[in-house]
Amino acid sequence: MPHVSHSPDSMFERVCQRFDEAARFAPDYPPGLLEQIKACNAVLHVQFPVRLPDGSIRVVEGYRAQHSHHRLPCKGGIRYSPNVTREEVMGLAALMTYKCAVVDVPFGGAKGGICLDSRHEPAEVVERATRRYTAELAAKNFIGPGIDVPAPDYGSGEREMAWIADTYRALNPTQLDAYACVTGKPLSLHGIQGRREATGLGVFYGLAEALDDPGEMRRLGLTTGIDGKRVIIQGFGNVGYHAAKFLREAGAVIVSVSTHEGAVLDPQGLDVEDVHRYVLETGSLRGYPAPQWYSDPAAALVEPCDILIPAAIEEQITADNAPRIQARIVAEAANDPTTPEAERILLGRGVFVIPDIYLNAGGVTVSYFEWLKNLSHVSFDRMSRRYQENANAKVIEAIEALTESRLSDEQRARLTRGPDEIDFVQAALADTMVQAYRAIYRTWRERGLPSLRTAAFLIAIEKVATDYLTLGIFP
């Protein structure tokens with residue numbers, strides 16, 4: 001097979017560059033193994049007709065990249081954007097491989113894209129494109145519960161995932177696990193509680209764990225904990241909003257949020273829910289009554305804050321603005337928001353960078369839980385809630401008998417309540433993010449690596465390499 005060259009500035013090449021930087025610290029592996037891990041296994045490029053409301057026909061392009069089959073199914077979202085490219089989905093699929101390894105989710109990496117602006121196209125056009133894209137994936141064996149399981153990404157959400165699930169099920173009417181072909185579905189179509197906020201909540205859990213380190217915070221000149229930290233969030237979609245919501249509830253001061261139109265800033269702190277309501281009601285951030293408005297959302301990135309959270313798209317922190325960023329912590333909630341050159345500048349200035357390969361893994365973690373739920377055909381709480389409530393009630397009764405006192409009905413109801421599905425999901429997500437961060441941080445410190453990102457990539461390389469060698473995938 002001839003060698004396929006890639007643009008040196010493409011997202012796939014940037015991911016490969018970071019892979020290579022970490023691979024220098026990896027143990028000796030058989031020749032070619034690291035090249036095999038790095039390579040993208042398969043890329044599907046499709047073009048299909050979609051009828052528009054006026055009766056005309058438009059040809060729409062779509063992509064699906066399956067980076068690694070060392071674990072199946074492959075897993076990764078589908079983004080809807082006119083600017084989606086082959087190199088972009090390849091880079092995002094590669095990140096998914098390494099991200100799943102970092103948080104111990106047993107998937108290979110994949111990513112998809114449809115060259116369509118879902119925000120401005122009529123719903124019927126988006127639906128037709130989504131259903132036809134799903135049919136194309138099915139025809140090429142690029143979707144299925146044990147093959148490749150898509151999820152939401154930029155420009156897509158529960159609505160699109162429902163169309164994918166319905167189309168796949170129609171094409172496979174006898175498949176028992178058909179709804180496990182995609183995650184991020186509405187609850188009414190066998191989704192899971194907590195999936196919508198999963199990525200933003202994972203960002204919160206990851207940041208909370210990092211901020212709990214007295215030594216690291218002392219080095220940065222910060223106190224421990226979230227309370228009082230000034231935060232700037234670029235991107236106020238699903239991920240940015242939920243990260244802002246959970247951080248503010250924990251006492252952080254959200255001084256700025258932005259969309260593609262611009263950014264608002266209030267040094268005293270924004271009311272996140274009020275901003276969110278305004279955007280939902282008006283469809284825009286423009287006009288929100290804040291002390292400062294920036295027509296260029298990137299301008300807010302260099303304002304004073306403790307934590308900067310890029311939660312929009314890739315390549316937002318560059319060699320141009322990195323020297324002017326005032327945050328002490330950059331927490332990457334988006335995929336690939338910081339260029340390699342910018343990261344070198346930030347690290348040289350002592351900025352603590354928490355990488356995307358770890359920090360935005362909350363979405364795929366909860367997608368894993370949804371996939372398991374769909375395969376088992378039962379919610380996580382159904383088998384245990386009533387048993388746990390009865391057990392809790394017996395403990396309370398024993399305590400009351402020993403103390404010769406009685407709780408109020410309200411206290412009793414609160415203490416005996418059994419866990420709901422959301423309780424299981426959030427507890428498992430929190431544990432996943434905490435354990436993964438500790439492993440990355442320990443690897444970084446013990447092995448004297450340049451950054452947390454290098455440590456995360458190294459962990460991913462070693463886990464995937466072990467799979468290849470143990471399972472005999474590598475000859």
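Small disclaimer: the values here were computed from a predicted structure and weren't measured.
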Check your understanding: Are any non-hydrogen side-chain atoms of Tyr80 and Asp153 less than 4.5 angstrom apart?
Key -> no
Correct closest heavy-atom pair for Ala22 and Ile461 would be CB-CD1, 4.0 Å
Test your reading of the model: is there a side-chain donor-acceptor pair from Lys75 to the backbone of Asp148, 3.5 Å cut-off? no
(request) Look at the aromatic rings of Tyr133 and Phe48 and report parallel, tilted or perpendicular, splitting at 30° and 60°. (result) tilted
Apply the test ring-ring contact (aromatic ring centres under 6.0 Å, His included) to residues Tyr437 and Tyr205: give CA-CA distance (whole Å), side-chain angles for both, the deciding distance (0.1 Å), then the verdict. CA-CA 10 Å; Tyr437 180 83; Tyr205 287 142; over 10 Å; no
Next on the checklist: Determine whether a donor-acceptor pair (N or O, by modelled atom type, separation under 3.5 Å) exists between the side chain of Thr339 and the backbone of Thr318.
Outcome noted: no
The reported gap from CZ in Arg438 to OG1 in Thr443 (rounded to nearest 0.5 angstrom) is 14.0 Å
Heavy atoms of Arg128 and Pro53 approach each other most closely as NH1-N, 4.4 Å
Do Asp54 and Ser56 have side-chain atoms, one donor and one acceptor, less than 3.5 Å apart? yes
Next on the checklist: Evaluate Ser284 against Glu261 for side-chain hydrogen bond (donor to acceptor under 3.5 Å, both in side chains), listing each step before the verdict.
Outcome noted: CA-CA 8 Å; Ser284 171; Glu261 299 173 307; 2.6 Å; yes
To the nearest 0.5 Å, atom CD of Glu136 lies from atom CD of Gln47 at 10.0 Å
ask   = Are Lys373 and Glu421 close enough, and set up right, to give a side-chain contact (heavy atoms from CB on, under 4.5 Å), and what steps lead you there?
value = CA-CA 10 Å; Lys373 174 184 176 180; Glu421 183 174 74; 3.0 Å; yes
Exercise. Please examine the side chains of Tyr29 and Leu469, heavy atoms only from C-beta on, and report whether any two atoms are closer than 4.5 Å.
Key: yes
message = Keeping Asp117 on the side-chain end and Arg119 on the backbone end, is there a donor-acceptor pair under 3.5 Å?
response = yes
*Any donor-acceptor N/O pair, Thr97 side chain to Gly108 backbone, under 3.5 Å*: no
Near Arg445 CZ, under 6.0 Å, is it more than 12 heavy atoms from other residues, nucleotides or ligands? yes
Identify each donor-acceptor pair in which a side-chain atom of residues 188-195 lies under 3.5 Å from a protein atom, sequence neighbours left out, and give them as a table.
unit_1, atom_1, unit_2, atom_2, d
Arg195, NE, Ser367, OG, 2.9
Arg195, NH2, Ser367, OG, 3.4

- request: State whether the side chain of His242 and the backbone N or O of Asn238 hold a donor-acceptor pair below 3.5 Å, judged by distance alone.
  value: yes
So do Leu301 and Leu308 actually touch side chain to side chain, heavy atoms under 4.5 Å? yes
- [ ] Look at atom CZ of Arg196 and say whether more than 12 heavy atoms of other residues, nucleotides or ligands are closer to it than 6.0 Å.
- [x] no
For residues 353-366, dump all side-chain donor-acceptor pairs below 3.5 Å to protein atoms at least two apart in sequence or in another chain.
unit_1, atom_1, unit_2, atom_2, d
Asp356, OD1, Arg453, NH1, 3.1
Asp356, OD2, Asp336, N, 2.6
Tyr358, OH, Met433, O, 2.7
Asn360, OD1, Lys99, NZ, 2.8
Asn360, ND2, Ala333, O, 3.3
Asn360, ND2, Ala334, O, 3.4
Asn360, ND2, Asn335, OD1, 3.1
Thr365, OG1, Ala361, O, 2.8

Main chain of Trp371, side chain of Asn374: is a donor-acceptor contact present, judged purely on distance under 3.5 Å?
no
Looking only at heavy atoms, the pair that brings Val125 and Glu121 closest together is CG1-OE1, 4.0 Å
Original post:
Does the ring center of Phe369 lie less than 6.0 Å from the ring center of Phe424?
Top reply: no
Is a side-chain donor or acceptor of Ser156 paired with a backbone partner of Pro152 at a separation under 3.5 angstrom? no
Rounded to the nearest 0.5 Å, the CD1 atom of Ile143 sits from the CZ atom of Arg64 at a distance of 7.5 Å
| Check: Glu88 and Arg79 side chains under 4.5 Å, non-hydrogen atoms | yes
*asked:* Quick one, Glu87 with Ser10, criterion side-chain hydrogen bond (donor to acceptor under 3.5 Å, both in side chains). Give me CA distance, side-chain angles, the key distance, then yes/no.
replied: CA-CA 6 Å; Glu87 297 278 333; Ser10 74; 2.9 Å; yes
message: Would you say that Val330 contacts Pro310 through its side chain, given a criterion of any heavy-atom pair below 4.5 Å between the two side chains?
response: yes
Here the pair of heavy atoms bringing Pro340 nearest to Arg18 is N-NH2, 3.4 Å
| query | So, Arg248 side chain and Ala252 main chain: donor-acceptor pair closer than 3.5 Å or not? | reply | no
Rounded to the nearest 0.5 angstrom, the CZ-CZ distance for Arg349 and Arg324 is 10.5 Å
Taken to the nearest 0.5 Å, the spacing of Ile309 CD1 from Ile254 CD1 works out to 6.5 Å
Within a strict 4.5 Å, meaning less than it, do heavy atoms of the Ile345 and Ile325 side chains meet? no
Looking only at heavy atoms, the pair that brings Pro27 and Glu462 closest together is CD-OE2, 3.3 Å
task: Could you tell me if the ring centre of Phe107 sits under 6.0 Å from that of His70?
output: no
Can a salt bridge be assigned to the pair Glu127 and Arg131 using a cut-off of 4.0 Å between side-chain N and carboxylate O? yes
- What about Phe457 and Phe19, are their ring centers closer than 6.0 Å? no
When rounded to the nearest 0.5 Å, the distance separating SG of Cys181 from CD1 of Ile164 is 7.5 Å
Point to revise | Under 3.5 Å donor-acceptor, Trp444 side chain and Leu449 backbone | key: yes
Discussion item. Just by distance, no angles: are the side chains of Ser118 and Glu160 close enough, under 3.5 Å, to form a donor-acceptor pair?
Written reply: no
| Whether Asn321 side chain and Gln316 backbone form a donor-acceptor pair below 3.5 Å | yes
Residues His67 and Ile37: closest non-hydrogen pair is CE1-O, 3.1 Å
Carboxylate-amine/guanidinium proximity below 4.0 Å for Lys245 and Glu249: yes
Between Lys38 and Glu13, does any NZ, NE, NH1 or NH2 come within less than 4.0 Å of an OD or OE carboxylate oxygen? no
Task: 4.5 Å side-chain heavy-atom contact, Val149 and Cys74 - done: no
Would Thr432 and Asp104 count as a side-chain contact (heavy atoms from CB on, under 4.5 Å) if you check the C-alpha gap in whole Å, the side-chain angles of each, and the deciding distance to 0.1 Å? CA-CA 8 Å; Thr432 297; Asp104 281 323; over 6 Å; no
Margin query: Any heavy-atom pair between the side chains of Ser451 and Phe352 that's under 4.5 Å?
Written below: no
